[in-house]
Chemist: 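Can you keep this structure in mind? I'll have questions shortly.
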Amino acid sequence: MPLLEVQDLKVHFPVRGGIFNRKLRSIKAVDGIRLAIEQGRTYGLVGESGSGKTTTGRAIIGLHPITSGTVLFEGQPIFGDGLRGHAGFRKDIQMIFQDPYSSLNPKKRVLDIVAEPLRNFEKLSAREEKRRVEQLLEQVGLSPETIHKYPHQFSGGQRQRIGIARAIALKPKLIIADEPVSALDVSVQAQVLNFLQEIQERLQLTYLFISHDLGIIRHMCDHIGIMYKGRYVEQGTTADIFENPQHIYTKRLITAIPDMDPSKRERLRQFRLAVKTEYEQAYDRYFDADGLAYPLRPVSATHLAALPEERG
Amino acid sequence: MEQAYANNPAPPAAPVTPPQDAEKSPSGWKILWREIVRDKLALASLIFLGAVILSVYGVSLVLDQEQIVTVDLFALNKPPSAKFWLGTDYGGRDVFGQLIIGTRNSLSIGILVTLLTGLIGILIGLVSGYFGGLIDNVFMRFVDFFMILPTLMVVIAFVTAVPNYGIVSFSLIMTAFLWMGIARLIRSKALQERELEYVQASRTVGSSHLKIMFAQVLPNLSSIIIVTMTLNLAANIGLESGLSFLGFGFPESTPSLGTLVSYATNPQTLEFRWWIWLPASILILILMLCINNVGQALKRATDARQRKG
């Protein structure tokens with residue numbers, strides 16, 4: 001049984017306007033997503049900005065109301081009415097936020113920030129609480145003496161570590177990592193990513209990893225889903241996606257990964273150009289009249305792609 | 001019964017936490033205090049304010065208001081002397097005593113109105129801004145309704161209608177029409193704050209709305225609250241003095257800074273008896289300046305990037 005199963009998830013936001021603030025139409029931020037994550041694995045959600053990957057993550061944790069579809073956690077349904085329906089799962093699903101600068105309250109000391117989840121769920125004495133926070137900080141590689149500092153006294157990478165300490169404080173099973181490194185320097189990115197993998201092993205964590213960076217996704221994830229305009233374009237294991245991309249959009253994303261080797265530069269440029277021409281020519285075949293992807297069809301046992309129906 | 005209002009007139013010198021818990025990083029109060037100490041003008045203003053407040057509330061305990069406001073026909077319009085330090089007015093009443101009691105009354109009203117408007121404004125603004133949507137809409141239409149009322153007219157009507165008003169009832173009347181500004185301000189800031197990720201982070205770790213509102217969002221609004229409240233204090237003292245000057249504040253039997261200044265509407269007093277109105281006018285000016293100086297220093301203290309200390 002997968003740890004997290006999402007079936008036909010839809011998140012639509014109403015666009016209001018006109019007289020009496022009527023609902024004019026809705027933006028289909030997420031429009032029918034289906035995914036399953038096994039315990040201990042990392043599932044990557046990739047897509048350009050506005051493709052609905054962050055909305056998916058936030059809907060799963062309950063920050064956005066779910067329009068329709070079901071989310072099953074350990075086989076139990078989570079109801080789609082915001083955070084209240086999540087009460088039983090709150091400890092088990094946690095989130096690492098994208099921006100380490102706004103995700104820590106600037107008026108709170110590290111102790112208060114990391115202890116917040118503990119104060120909500122565990123009745124600890126001040127002494128125990130402090131010890132737990134010091135342990136957590138040690139786990140994320142920060143000195144326990146930093147406990148009385150304020151967030152602005154830390155660098156971006158350190159702040160993200162504080163965010164991670166907060167997320168693992170309740171010993172969750174699933175962590176939704178919403179672009180956890182996109183606000184950091186490249187040198188710090190690697191550090192934080194490796195650290196995330198390290199605590200995954202140590203704490204048996206399952207990740208839903210949201211990113212727009214295919215290189216990072218390839219490094220981190222076992223399974224990948226590629227989103228475009230709220231729908232899946234392709235889904236499969238990392239090998240499926242990178243070795244055998246089926247959809248033209250996936251192919252184009254993969255060609256966009258930069259390569260370090262300058263000797264390949266000209267060849268890659270040619271390749272990119274070829275894929276670009278193919279993309280432009282085949283766009284109508286791969287996307288419907290509204291520019292949306294078709295429903296997924298199986299390519300192999302693990303690999304699904306939104307391929308058009310073969311016409312003759 | 002009037003001593004009852006002298007409760008905690010804004011701590012003039014916030015007690016600095018003793019250094020025994022040195023491992024803690026500086027608390028909010030400590031930062032405020034440090035900033036004021038760094039800014040000599042603000043420190044001088046604060047000391048002066050503290051001295052005025054202490055001496056005014058202290059001396060007014062000794063003074064007998066009944067005796068001061070009693071007309072004395074043998075001492076009309078006397079210039080300053082050893083017996084009457086600041087002379088007497090046209091009723092032979094001691095101006096110095098009136099100044100002390102008047103300042104106390106004006107300060108009490110200013111502080112009371114500021115605290116009450118602050119409390120109401122913060123509650124309504126915070127709830128409205130944090131939840132947004134329908135709740136915000138309902139609260140803001142309510143605020144709009146109060147905003148379009150001609151405040152001054154209604155206050156004057158109230159003051160005329162209520163026969164026996166003291167400091168508390170007068171403060172309540174003023175509060176009823178002065179809480180909207182701070183509510184609006186807090187609401188707009190809360191709307192901004194709730195979009196920040198730390199609010200969502202608090203929700204994902206299981207904090208209730210109430211907890212997030214008061215423990216997470218409110219501290220981030222403290223700067224704006226302290227600054228507006230300080231500056232509002234000056235404005236409220238001014239408003240009370242203005243109303244009394246116009247004759248819609250306290251009667252002459254209850255002196256305030258405004259009643260003393262209003263003696264100057266008499267051209268003779270204005271020209272020849274400076275001792276009646278000049279001290280009160282100067283005191284108003286200095287009080288306002290001092291409060292504003294302190295307010296500015298506090299404003300800087302609450303923003304780490306502007307701090308001097």
Side-chain angles (χ1 to χ4, degrees), chain A residues 16 21 57-58 60-64 82-84 86-91 93-122 130 145-153 162-163 166-170 172 175-176 178 183, chain B residues 17 19-32 130-138 140-141 189-190 192-226 301-307:
Chain A
R16 294 184 184 277
N21 227 9
R58 291 182 165 225
I60 290 170
I61 202 170
L63 286 173
H64 288 318
L83 286 166
R84 208 166 304 144
H86 284 67
F89 306 95
R90 177 58 52 238
K91 279 178 80 166
I93 309 179
Q94 285 294 314
M95 188 157 180
I96 299 170
F97 287 85
Q98 177 176 7
D99 182 359
Y101 294 90
S102 77
S103 63
L104 306 179
N105 191 336
K107 292 273 172 176
K108 297 280 173 181
R109 289 169 302 164
V110 173
L111 172 67
D112 300 315
I113 291 171
V114 179
E116 193 186 348
L118 298 174
R119 287 173 189 165
N120 286 329
F121 287 99
E122 287 167 38
K130 197 175 160 209
E145 284 103 66
T146 58
I147 203 162
H148 292 295
K149 284 190 179 173
Y150 285 88
H152 69 87
Q153 293 166 297
I162 298 170
R166 172 174 60 188
I168 61 174
L170 292 172
I175 287 188
I176 297 172
D178 181 9
Chain B
T17 23
Q20 65 204 18
D21 44 12
E23 62 164 10
K24 280 189 179 177
S25 53
S27 69
W29 287 108
K30 229 172 179 174
I31 293 172
L32 293 184
Y130 177 77
F131 287 109
L134 184 68
I135 293 176
D136 182 37
N137 237 325
V138 171
M140 283 305 114
R141 295 300 78 76
K189 287 283 165 188
Q192 261 174 35
E193 285 296 317
R194 75 176 189 139
E195 295 302 324
L196 293 178
E197 275 182 342
Y198 76 81
V199 173
Q200 282 133 39
S202 281
R203 295 185 66 194
T204 63
V205 298
S207 299
S208 64
H209 286 305
L210 211 63
K211 235 180 187 171
I212 300 176
M213 252 193 304
F214 289 100
Q216 304 281 335
V217 176
L218 194 59
N220 281 290
L221 304 180
S222 60
S223 59
I224 198 91
I225 290 172
I226 291 170
T302 46
D303 182 351
R305 278 160 294 193
Q306 294 181 27
R307 254 174 236 161

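A note on names: the letters A, B, ... follow the listed sequences, proteins ahead of strands, and every chain is numbered from 1.
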Chemist: Residues in salt bridge (charged side-chain N to carboxylate O under 4.0 Å, His left out) with A:Asp99, at least two apart?
Modeler: none
Chemist: If I compare all heavy atoms of B:Gly206 with all of A:Arg90, which pair ends up nearest, and what's the gap?
Modeler: N-CD, 3.5 Å
Chemist: With sequence neighbours excluded, tell me which residues meet ring pair (Phe, Tyr, Trp, His ring centres under 6.0 Å) with A:Phe97.
Modeler: none
Chemist: Given a strict heavy-atom distance threshold of 4.5 Å, which part of B:Ser202 is in contact with chain A: side chain, backbone, both, or neither?
Modeler: both
Chemist: Provide the closest heavy-atom pair for A:Asn105 versus B:Tyr198 in the form atom of the first, atom of the second, distance.
Modeler: ND2-CE1, 3.4 Å
Chemist: Measuring from atom CG of A:Leu63 to atom CD of B:Glu197, what distance do you get when rounded to the nearest 0.5 angstrom?
Modeler: 9.5 Å
Chemist: Taking C-beta and beyond as the side chain, do B:Arg203 and A:Ile61 meet within less than 4.5 Å on heavy atoms?
Modeler: no
Chemist: Exactly one of B:Leu218, B:Val217, B:Asn220 should register a side-chain contact (heavy atoms from CB on, under 4.5 Å) with A:Lys107. Which one does?
Modeler: B:Asn220
Chemist: Where is the tightest heavy-atom contact between A:Ser103 and B:Ala201, given as atom of each residue plus distance?
Modeler: O-CB, 4.0 Å
Chemist: Stepwise, does the side chain to side chain contact (heavy atoms under 4.5 Å, CB included) test hold for B:Lys211 with A:Asn120?
Modeler: CA-CA 10 Å; B:Lys211 235 180 187 171; A:Asn120 286 329; 2.6 Å; yes
Chemist: Given that the side chain runs from C-beta out, which part of A:Gln98 has a heavy atom under 4.5 Å from chain B: side chain, backbone, both or neither?
Modeler: both
Chemist: With side chain to side chain contact (heavy atoms under 4.5 Å, CB included) as the criterion, how do B:Gln216 and A:Glu116 come out once you've worked through the C-alpha distance, each side chain's angles and the decisive distance to 0.1 Å?
Modeler: CA-CA 10 Å; B:Gln216 304 281 335; A:Glu116 193 186 348; 3.4 Å; yes
Chemist: Output the option from A:Gln94, A:Arg166, A:Arg119 having the highest count of non-hydrogen pairs under 4.5 Å with chain B.
Modeler: A:Gln94
